[in-house]
Amino acid sequence: MNPADLSQSILSIAVAAVERRGVTGVTLTVDDVLLERPRNRDHGDWASNIAMKLAKLLGVTPRDLANELAGVIGAIAGVASVDVAGPGFINITLDAAAAGALAQTIVEAGPSYGSGTLYDGVTINLEFVSANPTGPIHIGGVRWAAVGDSLARIFRAQGGIVTREYYFNDHGAQIDRFARSLLASYLDEPAPEDGYGGEYISDIAARVLNDYPGNLSNATREQQQETFRAVGVELMFGDIKASLHAFGVVFDVYFHENELHESGAVERAIARLRDLGAIYEADGATWFRSTDYGDDKDRVVIKSDGEAGYISGDLAYYLNKRERGFERNFIMLGADHHGYVRRLMAMTKAFGDEPHVNLEILIGQMVNLVRDGNPHRMSKRAGTVVVLEDLIDAVGADAGRYALVRSSIDSQVDIDLDLWARQTSDNPVFYVQYAHARTRSVAKNAHGSGVDRSAFDPSLLAHPTESILLGVLAEFPRVVRQAAELREPHRVARYAEELAGAYHRWYDACRVTPLGEEEVTDVHRTRLWLNDATGTVLRNALELLGVSAPERM
RNA sequence: GCGCCCGUAGCUCAGCGGAUAGAGCAAUUGACUACGGAUCAAUAGGCCGGGGGUUCAAAUCCCUCCGGGCGCACCA
């Protein structure tokens with residue numbers, strides 16, 4: 001008996017109750033049967049508020065309706081008892097066998113337990129990080145590296161056809177500044193006023209020379225700058241890819257902005273808006289009348305100097321993604337870019353798509369870097385960046401990813417590398433990983449003592465900690481689905497912590513291997529199923545977070 | 001001035017209308033000649049920023065005020 005089956009049964013009962021009263025025009029779905037695990041165990045394994053939802057509709061009191069439904073629910077196979085409490089909650093207790101059957105279901109499902117069909121066959125593009133190749137990825141982009149990658153895994157678990165994409169901004173003036181900074185370093189000139197400083201500039205400049213020895217000194221300054229631009233950007237980009245890879249994040253597509261400009265895609269995008277009557281000329285520039293589509297001001301698509309405006313690349317890029325067949329497109333940005341949301345939604349609407357469906361912008365609040373409790377200002381220009389490598393060196397990829405993914409993107413996070421490095425053992429990731437390692441260790445010991453999974457009698461899983469553990473295991477599919485719907489990977493992390501806690505408490509109370517000369521019984525064998533089921537779910541949850549599930553620690 | 005996010009235990013944060021608001025860390029006290037003590041048990045700690053409203057039911061939804069972060073370019 002899993003919660004989905006139970007919800008379905010209760011749904012039919014509720015529908016029957018509605019029909020019996022001759023009330024029409026009411027369509028109920030499983031989502032209306034809110035089945036949840038009561039916080040207080042005395043209230044049973046599951047609770048439904050369906051009676052309170054339907055009472056007004058049917059013109060009866062919630063308690064009367066609850067009592068009526070409870071009688072029928074009590075007859076469902078596997079339900080041990082039902083009672084009505086408070087304003088009209090229906091509290092349901094499963095018999096141990098029905099609840100325990102889940103352990104076998106999970107072990108047999110293996111890696112697929114927890115997956116769903118929410119986005120079956122839907123093409124999804126996730127664009128994140130997209131840091132400019134003018135320096136290492138700073139700590140701000142790292143949050144999305146962890147969260148975006150996890151979201152990709154969660155969407156995939158819901159059947160989505162997911163592409164992770166990195167928008168490689170190799171077109172604008174920032175790249176020129178980067179090239180001039182490299183050249184200045186090479187010529188031993190001071191860094192340009194509007195350029196970048198810091199050690200990595202001289203490092204990159206030296207590596208450019210290493211790749212192109214000899215022929216630079218007698219080139220013109222323009223040729224030199226072009227060489228530093230082309231080679232420097234490639235080197236920088238290689239570094240970025242390498243640090244992302246070390247963090248366990250691999251993109252399927254690295255998209256070059258230059259392509260949009262060189263292929264004429266930008267012109268085509270603007271032409272399309274012109275056809276729609278959304279373009280006008282003013283003050284020597286060309287404008288997109290985005291205010292017609294909900295923006296708070298119009299946007300320049302071609303500046304008076306003839307260069308493309310910033311939004312032009314986004315127009316062309318969005319159309320490109322749609323042409324590549326992506327139904328749902330996500331762009332993940334920092335809070336300092338939240339002002340872009342309206343104009344991009346206006347664009348979506350202008351192109352005839354549905355804002356917040358075909359295009360969704362996720363905004364992550366700022367990541368503040370703290371040094372010894374004081375704010376630490378980061379500046380690529382001044383070279384005071386803390387990079388992804390620093391995080392990995394300090395705490396490791398697993399702990400770093402977990403810490404970034406376990407809180408909501410709506411809240412700001414402070415990273416104090418010194419503190420994080422010192423407190424790694426306080427990171428809940430170890431609590432979860434340890435629980436997983438423990439499941440493996442228990443299984444190994446069990447096999448050594450002659451306990452195997454040759455028998456399974458779920459009615460033997462009657463200890464209070466077992467019914468709690470089973471309840472938590474049962475919730476996993478819903479947690480994954482909810483994380484996908486709300487775009488909130490942190491729910492999976494919090495769930496993993498809850499499951500780890502329930503497992504540790506069960507471990508403390510119930511032995512899998514017999515003690516001393518004690519004989520191996522079906523209790524041990526059945527508990528091994530439960531142990532292995534927990535290991536499976538912990539591994540599946542960690543997998544969705546991109547964090548390893550170690551065999552031992 | 002306008003817009004987005006946040007305000008919950010000493011600290012970091014969960015809790016997309018449900019019952020007595022939770023976890024980790026920090027504090028105090030217990031549990032290893034028992035499958036890994038990176039664990040477990042227990043104690044203590046809260047006008048859920050303030051005030052109104054909607055609802056059978058509000059930390060959660062709406063309004064308003066206060067406090068904090070971030071934005072409001074023919075920059076990218």
Could you tell me whether the side chain of D336(A) has a donor or acceptor atom within less than 3.5 Å of a complementary atom in the base of G71(B)? no
Indicate, with a heavy-atom threshold strictly under 4.0 Å, whether E497(A) touches base, sugar-phosphate, or nothing. nothing
Pairwise P distance for A9(B) and G71(B), with rounding to whole Å: 27 Å
Would a 4.5 Å heavy-atom cut-off, applied to side chains only, mark T291(A) and D296(A) as touching? no
Atom-to-atom span, CG of N368(A) to P of G68(B) - whole angstrom: 15 Å
If you measure from the P atom in C6(B) to the same atom in G17(B), how many Å do you get, rounded? 15 Å
Just wondering, do F330(A) and I361(A) contact through their side chains at under 4.5 Å, heavy atoms? no
With a 4.0 Å cut-off on N to O distance, would you call R511(A) and E518(A) a salt bridge? no
I'd like to check R328(A) versus V357(A) (side-chain heavy atoms, cut-off strictly below 4.5 Å). Are they in contact? yes
Give one of base, sugar-phosphate or nothing for A47(A), where a contact means two heavy atoms less than 4.0 Å apart. base
Ignoring hydrogens and angles, state whether a donor on the side chain of T93(A) or D45(A) is under 3.5 Å from an acceptor on the partner side chain. no
Tell me every residue that passes side-chain hydrogen bond (donor to acceptor under 3.5 Å, both in side chains) with D292(A), counting only those two or more places apart in sequence or in another chain. none
Distance, P atom - from G22(B) to C16(B), rounded to whole angstrom: 14 Å
Within residues 284-293 of chain A: residues closer than 4.0 Å to RNA chain B (heavy atoms): A285(A), W287(A)
Expressed as a whole number of Å, how far does the P atom of C48(B) sit from that of G36(B)? 45 Å
Among C16(B), G36(B), A73(B), which is the nearest nucleotide to the side chain of E485(A)? C16(B)
RNA chain B contacts among residues 303-310 of chain A, heavy-atom distance under 4.0 Å: K303(A), S304(A), Y310(A)
Base, sugar-phosphate, or nothing: which does N531(A) touch, judged by heavy atoms less than 4.0 Å apart? nothing
Tell me, please, which residues at least two apart from A437(A) pass side chain to side chain contact (heavy atoms under 4.5 Å, CB included). M553(A)
Using 4.0 Å as the upper bound for N to carboxylate O, is an ion pair formed by D522(A) and R525(A)? yes
Side-chain heavy atoms of L362(A) within contact of W144(A), under 4.5 Å: yes
Under the rule for side chain to side chain contact (heavy atoms under 4.5 Å, CB included), what residues qualify as partners of S411(A), not counting sequence neighbours? R143(A), S407(A)
From the options V442(A), V523(A), T439(A), select the one residue that forms a side-chain contact (heavy atoms from CB on, under 4.5 Å) with V512(A). V442(A)
Can you tell me which stems RNA chain B forms, taking runs of 3 or more consecutive Watson-Crick or G-U pairs with both distances under 3.5 Å? B:1-7 with B:66-72, B:10-13 with B:22-25, B:27-31 with B:39-43, B:49-53 with B:61-65
Which word best sums up how the rings of F237(A) and Y254(A) line up, parallel for under 30°, tilted for 30 to 60°, or perpendicular for over 60°? perpendicular
Interatomic distance at P, U20(B) relative to G24(B), whole Å: 23 Å
Using 4.0 Å as the upper bound for N to carboxylate O, is an ion pair formed by D194(A) and R180(A)? yes
Whole-Å C1' distance, A21(B) and C13(B): 14 Å
Nearest-angstrom distance from the residue atom CE of M366(A) to P of G68(B): 18 Å
Check the distance between G36(B)'s C1' and L538(A)'s CG and give it to me in whole angstrom. 15 Å
With Q412(A) via side-chain hydrogen bond (donor to acceptor under 3.5 Å, both in side chains) - residues at least two apart: N368(A)
Test side-chain hydrogen bond (donor to acceptor under 3.5 Å, both in side chains) applied to D176(A) - qualifying residues, sequence neighbours left out: none
R552(A) near the nucleic acid: base, sugar-phosphate alone, or nothing, with a heavy-atom cut-off under 4.0 Å? base
Quickly work out the H338(A) NE2 to C6(B) P distance and round it to whole Å. 12 Å
So that I can tick it off, tell me whether E497(A) and R406(A) are bridged by a salt bridge, with the cut-off set at under 4.0 angstrom between side-chain N and carboxylate O. yes
Taking the side chain of L486(A) as heavy atoms from C-beta outward, which of G24(B), C16(B), A19(B) is closest to it? C16(B)
Taking only N and O in the side chain of K53(A), is any of them less than 4.0 Å away from OP1 or OP2 of A57(B)? no
The salt bridge (Lys or Arg N to Asp or Glu O under 4.0 Å) partners of R552(A) (sequence neighbours excluded) come to none
Which part of the nucleic acid does K444(A) contact within heavy-atom distance under 4.0 Å: base, sugar-phosphate only, or nothing? nothing
Using whole Å, what does the distance between atom C1' of nucleotide G15(B) and atom CD of E488(A) come to? 11 Å
In this structure, how many angstroms lie between the P atom of G3(B) and the CE atom of M345(A), rounded? 18 Å
Under the rule for side-chain hydrogen bond (donor to acceptor under 3.5 Å, both in side chains), what residues qualify as partners of D64(A), not counting sequence neighbours? T61(A)
Kindly give the atom pairs (protein nitrogen or oxygen, nucleotide nitrogen or oxygen) under 3.5 Å for nucleotides 12-14 of chain B.
| from | atom 1 | to | atom 2 | distance (Å) |
| --- | --- | --- | --- | --- |
| C13(B) | OP1 | Q412(A) | O | 3.1 |
| C13(B) | O2' | R494(A) | NH1 | 3.4 |
| C13(B) | O2' | R494(A) | NH2 | 2.2 |
| A14(B) | OP1 | S408(A) | N | 2.8 |
| A14(B) | OP1 | S411(A) | OG | 3.3 |

For P62(A), which contact category applies under a 4.0 Å heavy-atom criterion: base, sugar-phosphate, or nothing? nothing
Please classify the nucleic acid contact of D295(A) as base, sugar-phosphate, or nothing, using heavy-atom distances under 4.0 Å. nothing
Just call it for L515(A): base, sugar-phosphate, or nothing, with non-hydrogen atoms closer than 4.0 Å on any strand. base
Side-chain contact check for Q365(A): nearest option of C5(B), A19(B), G36(B) is C5(B)
I'd like a list of close polar pairs between nucleotides 38-42 of chain B and the protein, N/O only, cut-off under 3.5 Å.
| from | atom 1 | to | atom 2 | distance (Å) |
| --- | --- | --- | --- | --- |
| U39(B) | O2' | R438(A) | NH1 | 3.1 |
| C40(B) | OP1 | Y431(A) | OH | 2.5 |
| C40(B) | O2' | D508(A) | OD2 | 2.6 |

Salt bridge (Lys or Arg N to Asp or Glu O under 4.0 Å), that's the test. Do K444(A) and E551(A) meet it? Break it down for me. CA-CA 10 Å; K444(A) 202 184 304 166; E551(A) 295 289 308; over 6 Å; no
By nearest heavy atom, map N169(A) and T513(A) onto RNA chain B; which one lands nearer the 5' end? T513(A)
Starting from P on C4(B), measure out to CG on D296(A) and report it in whole angstrom. 10 Å
Would you mind reading off the distance between I175(A) atom CD1 and C75(B) atom P, rounded to a whole angstrom? 17 Å
